[in-house]
Amino acid sequence: MTTSTEAKLFEIKTVWHDAGRVYLLDQTLLPLEELVLEITTVEEMWDAIKRLAVRGAPAIGVAAGFGAWIAARNAAAVGSDVRGAILSACDYLATSRPTAVNLFWALDRIKAFVERHSSASGRALAELVLTEAEAIRSEDLESCHNIGRHGAELITNGETLLTHCNAGALATSGFGTALAPMFWAAQVQGKQIAVFADETRPLLQGSRLTAWELQKAGIPVTLICDNMAGSVLASGKVQRIIVGADRIAANGDAANKIGTYPLAVLARYHDVPFYVAAPFSTIDAATATGADIPIEERSPQEVAQVGSTVTAPSDINVYNPAFDVTPAELITAYITDRGVFERIENGQGLNPESDS
Ligand code: MRU
């Protein structure tokens, strides 16, 4: 449901369906170019997820749902086995990126949906899968609104926040997780806030995407290199840090973009509250601790180059983990679609008053 309050909020279309076609905004080209791609095959969706044309944990889940539908639609068009096409598309899309649990959550949801509709086949099944993919997208948008609403209560008028990577509109169905409380505080509650955005090497999601989004939304944003965060925190310029998550283990350890963990250590040292914002679909009760979260390693080129410019000797050894894990003890609280929780235990949000 869109209320007049929500209508004021900054949103971007990231991945969507319109009249039988699936589109996404190619995030690899931002902020220089706003190119919309039509995705016509499962292979194209796999590639878009792998090369980060669509990225951010919730958006990857939404893209996967539409990818499964594309498989169904294409199979129905040539009269082949729609159910088999959906299930094999789900298995294939699951190999695109390993860390964001939202991908697997969405694919499991599609598979369970197909099981529940075992009497449907052909075009009818394809049409049903589209409704489920659309539901994943609209529920994500609603989660973002709830994260924004809950998180904004923590933000005081006049404060400056810091964020890492991009957990904004581009990383979701259009409103964000870590940036949602900032959008809500500024655009619904009218609070004056400012944001420092970490650049986020190697792929610069902070400078290319977060700085772009916040600037478009009219929220004052200052870009810093990742290695400047320590001195910015030491200067007392930042009152609160909010980041997103790709997977939160059952004990509350959170995987997010590489560089999040050292930021949390700095935050603890400088006594700056450190929040993780994510929908409940990012909490993985089946993964006990952060040590069990699979961490994606990406191409050496991403580190040895900035864009297409080579910045290291050829054949240099490179280590390029895309994510790190922040232990639960460094996280002040989790801003979720169901409220703000001080702890996650057994995959459940807890606050002191609910302990017993
Ligand atoms: O590699 P990316 O750009 O997909 O990494 C994204 C992040 O680490 C985000 O912070 C995370 O997915 C949360 S998005 C709401």
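Indexing begins at 1, ligand by ligand and atom by atom, following the structure's order. When reading the values below, keep in mind they use all heavy atoms of this one structure, side chains included, and skip hydrogens, waters and symmetry mates.
Contact annotation: for Arg97 versus ligand 1, heavy atoms closer than 4.0 Å belong to the side chain alone. Of all the heavy atoms of Cys165, the ones lying under 4.0 Å from any atom of ligand 1 belong exclusively to the side chain. Under 4.0 angstrom from ligand 1, the non-hydrogen atoms of Gln205 all belong to its side chain. At a heavy-atom cutoff of 4.0 Å, ligand 1 is contacted by the backbone of Asn166 but not by its side chain.
Annotation: Tyr261, atom OH; neighbour count of heavy atoms from other residues, nucleotides and ligands within 6.0 Å does not exceed 12. The environment of Arg116 atom CZ is dense: over 12 non-hydrogen atoms of other residues, nucleotides or ligands sit within 6.0 angstrom.
Here the heavy atom of the protein found nearest to atom 14 (S) of ligand 1 is Ala171 CB, 3.5 Å. The protein heavy atom nearest to atom 10 (O) of ligand 1 is Asn256 OD1, 2.6 Å. Nearest protein heavy-atom contact of atom 5 (O) of ligand 1 is Lys257 CE, 3.3 Å. Ranking the protein heavy atoms by distance from atom 8 (O) of ligand 1 puts Asp246 OD1, 2.9 Å first. The nearest protein atom to atom 6 (C) of ligand 1, hydrogens excluded, is given as Arg55 NH2, 3.4 Å; this is a heavy-atom distance.
Remark: the Thr200 side chain and the Asp198 side chain contain no N/O donor-acceptor pair separated by less than 3.5 Å. If you check the side chains of Arg55 and Asn166, you find a donor sitting under 3.5 Å from an acceptor. Using modelled atom types and a 3.5 Å distance limit, the side chains of Asp292 and Thr289 yield a donor-acceptor pair. At a cut-off of 3.5 Å, with distance as the only test, a side-chain donor of Glu159 or Thr156 sits close to an acceptor on the other residue.
Residue contact check: Ala57 has heavy atoms under 4.0 Å from atoms 12 (O), 14 (S) of ligand 1. Under a 4.0 Å criterion applied to the non-hydrogen atoms of Thr177, ligand 1 contributes the atoms 15 (C).
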Which atom pairs, one a donor and one an acceptor, fall under 3.5 Å between side chains of residues 127-136 and the rest of the protein, sequence neighbours left out?
unit_1, atom_1, unit_2, atom_2, d
Thr131, OG1, Leu128, O, 2.4
Glu132, OE2, Arg109, NE, 2.9
Glu134, OE2, His17, ND1, 3.1

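Residues satisfying the side-chain contact (heavy atoms from CB on, under 4.5 Å) test with Pro273, not counting sequence neighbours, are Arg240, Tyr275, Thr332.
Between Gly244 and ligand 1, no N or O atom pair is found at a separation short of 3.5 Å.
Remark: distances from the non-hydrogen atoms of Ala322 to ligand 1 are all 4.0 Å or more. At least one heavy atom of Pro58 sits less than 4.0 Å from an atom of ligand 1.
Looking at Glu199 and Arg201, no side-chain N of the basic residue comes within less than 4.0 Å of a carboxylate O on the acidic one, giving no salt bridge.
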